[in-house]
Amino acid sequence: MTTRTITIANRGNATYAVDAKKPLLDSLRDQGVDLPYGCKYGGCITCAAKLIEGEVNQKAQVALNNRQINDGYVILCVARPLSDCTFDIGVESHDRLYRNPFLDPLEPHELKADIATTKDQ
Amino acid sequence: MSETCCGPGYASPAEAMKAPREKVLYTIAIYTGTGIQKPDYLCTIDADPDSPTYSQVISRLEMPGIGDELHHMGWNACSSCHDDASMERKYLIVPGVRSTNLHIVDCGTDPRNPKLHKVIDGAEIKAKTNLSAPHTVHCLGSDIIISMLGDAKGNAPGGYLHLNKDFEIVGRWEESMGDIKFGYDFWYQPRHNVMVSSEWAAPNTFMPGFDLEEVGHLKYGREIHLWDFEKKEPKQTFYLGEDGLIPLEVRFHHDPDSSHGFVGAALSANIIHWWKDAAGEWQWEKIIDVENEPHPEWPIPVPGVISVILLSMDDRFLYLCNWLHGDIRQYDISDPHRPVLTGQVWMGGLLGKAPEVNGVKVTGGPQMIQLSLDGKRLYVTTSLFSTWDNQFYPEIRTNGGCMLMVNCDTDNGGMEIDPDFVVDFGREPNGPSRCHETRYPGGDCTSDIWI
């Protein structure tokens, strides 16, 4: 089993050893981290956390648009760690997750992956 | 009130209007998306003005899990089985739209203190039917169908879950979804063998929040569908286009002989009316158009976002909420082709017309409404959906939602916010929660259908 170390910055930098092959939500909840979640298939955004350092594979997620991904958001219910990672978790990490679409529209390259244009177009 | 029959509900809409006044209200309240790691719950609210606990939450039933996002709910039985003495309006089916869990709540044994009767696990529903994201619950005689907005992975169009009266999964209700792209609300009118369904979006699109730009990419609905109700398949689609962006709440006249019905197009902020003409053809038209309002600080004018509509039991008045503007409107639809605005009140909203009502800061706007059977009291809540709340009204995290009551003049038209009724969900014991749909034990204006 490949193990990664996950640090939760906004929980006093608590660290957890997790299986690199398991979704982070399951690994962290199994070790007693109280995390919000909803659909558990990567579609509903409830479990979003902000990646401060490290790399994840979250190809299965369909909830985030490109702006949210660029802002570091990760859907924990489907994301697996590719390296040691540091996160902020919970709604305290959601400061950039939600935006008023009438106040702050997305650019075409900031849409979800299936409809976004590339930035140079 | 007719006492000759033992089944639930009433013999007719006119009989329903004579029912005793509602004494308690059931309203869901959510912590999903708030940062408070507690289950969503069903509140019982005292609506008896002679009671010492009037306008207060008198009991709370927590769901077993966290993160359900309770949203809409429905009765196990309504006036559609009034002739069936073996049936009883006893259970609320309370779905979790994110978890797909269905909570069956016994409200009949002790109406002031409902208890959890059964949970149908979301995983079982997904495994047996490939459906998720339950929304509208209607009973059909003794059986129950629920619109499910996605497949098990949150893709559109989903379908309809069929439960029997013992709350066992029968399977998929519909024979076919035809070319329907999205699901949301539905209502049926059996004497015309018709059901009408509307369109929100795929769960994977609307659950994370509202990207306005996705509307132009056809990720949100703009059609309504007429079904052959007996064959359980769609037979005609109305393409509403720009007039009908995101058609949500569907209401037929309560009069079972009428073919007239209405849907609120949330983003276009229009009311669409349909009916069957003298030649037997179904027609539609736009009858109400709420203008977008400029906002001093925003590049894009604010649409009303009609999140709900409702018809009074006598089908005379149509109520709608503009969740982003902050107003509730009452229209006289005695002539359904020519609605007349007869009342308007303001609470919350983004235009700053009524930031505080009855001493409570209103965060959010008028959202779900429920009308008393006699048409005189309209109960209003302010939260739409956790992620959308977080986008448009982020202060709701700390302020919570609230419930208000509007007194409606059924003789001359007109509305007035009742000064003595307010339930502040910002003061809930576990912290600020958000209130959504409301129902009454004796039936209400969005549950009862006559066959």
Side-chain angles (χ1 to χ4, degrees), chain A residues 10-11 25 28-29 32-49 58 60-69 73-78 88-117, chain B residues 31-38 65-69 96-100 122-123 126 132-133 150-155 202-219 292-293 295 297-303 305 324 350 386-394 397:
Chain A
N10 65 338
R11 294 290 183 274
L25 180 79
L28 293 169
R29 280 177 50 82
V33 184
D34 193 11
L35 287 165
Y37 64 93
C39 72
K40 296 184 90 170
Y41 58 69
C44 91
I45 220 167
T46 310
C47 67
Q58 59 169 341
Q61 76 79 23
V62 290
L64 299 173
N65 61 41
N66 284 345
R67 185 193 286 186
Q68 291 163 326
I69 291 170
Y73 287 104
V74 168
I75 300 298
L76 294 180
C77 70
V78 294
D88 275 342
I89 62 166
V91 299
E92 310 100 280
S93 71
H94 291 178
D95 57 312
R96 295 180 67 83
L97 191 63
Y98 299 108
R99 84 199 150 92
N100 181 329
F102 299 101
L103 180 60
D104 185 13
L106 293 179
E107 298 292 330
H109 68 275
E110 293 179 314
L111 298 170
K112 282 186 186 166
D114 62 330
I115 51 174
T117 58
Chain B
Y31 282 122
T32 301
T34 67
I36 294 172
Q37 287 286 81
K38 294 281 183 185
I66 292 176
D68 285 307
E69 182 128 27
V97 68
R98 284 177 198 267
S99 65
T100 310
K126 290 176 191 171
S132 73
D151 67 13
K153 287 290 183 185
N155 301 303
N204 291 341
T205 300
F206 72 76
M207 279 200 197
F210 181 50
D211 283 356
L212 177 64
E213 301 79 7
E214 294 197 321
V215 175
H217 287 270
L218 305 181
K219 297 278 190 178
N292 294 352
E293 293 279 345
H295 188 287
E297 293 151 31
W298 299 3
I300 302 174
V302 188
V305 177
L324 292 187
L350 292 170
S386 64
T387 42
W388 294 40
D389 291 345
N390 292 343
Q391 286 182 275
F392 293 100
Y393 296 105
R397 279 219 189 96

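Proteins get letters first, then strands, A, B, ... in listed order; numbering begins at 1 in each.
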At a 4.5 Å cut-off on heavy atoms, which part of [X] comes close to chain A: side chain, backbone, both, or neither?
X	answer
B:Pro301	backbone
B:Lys126	side chain
B:Ala133	neither
B:Thr34	backbone

- Query: Among A:Val91, A:Leu97, A:Asn65, A:Asp114, who wins on heavy-atom pairs under 4.5 Å with chain B?
  - Reply: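 Of A:Val91, A:Leu97, A:Asn65, A:Asp114, A:Val91 has the most heavy-atom pairs under 4.5 Å with chain B.
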- Greatest number of heavy atom pairs closer than 4.5 Å to chain B - which of A:Ala63, A:Cys44, A:Cys47: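 The residue among A:Ala63, A:Cys44, A:Cys47 with the greatest pair count is A:Cys44.
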- Item | Check against side chain to side chain donor-acceptor pair (under 3.5 Å), A:Asp88 and A:Ser93 | CA-CA 5 Å; A:Asp88 275 342; A:Ser93 71; over 6 Å; no
- Before giving the answer on side chain to side chain contact (heavy atoms under 4.5 Å, CB included), spell out for B:Met207 and B:Val97 the whole-Å C-alpha distance, their side-chain angles and the decisive distance to 0.1 Å. CA-CA 9 Å; B:Met207 279 200 197; B:Val97 68; 4.2 Å; yes
Presence of salt bridge, [Y] and [X], under 4.0 angstrom:
X	Y	result
B:Glu69	B:Arg98	yes
A:Arg67	B:Asp211	no
A:Lys112	B:Glu213	no

- Task: Evaluate the criterion side chain to side chain contact (heavy atoms under 4.5 Å, CB included) for residue pair B:Trp298 and A:Asn100; output intermediate values, then yes/no.
- Result: CA-CA 10 Å; B:Trp298 299 3; A:Asn100 181 329; 3.0 Å; yes
- Message: If I measure from the heavy atoms of chain B, does A:Leu111 come under 4.5 Å with its side chain, its backbone, both, or neither?
- Response: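 Interface part for A:Leu111: side chain.
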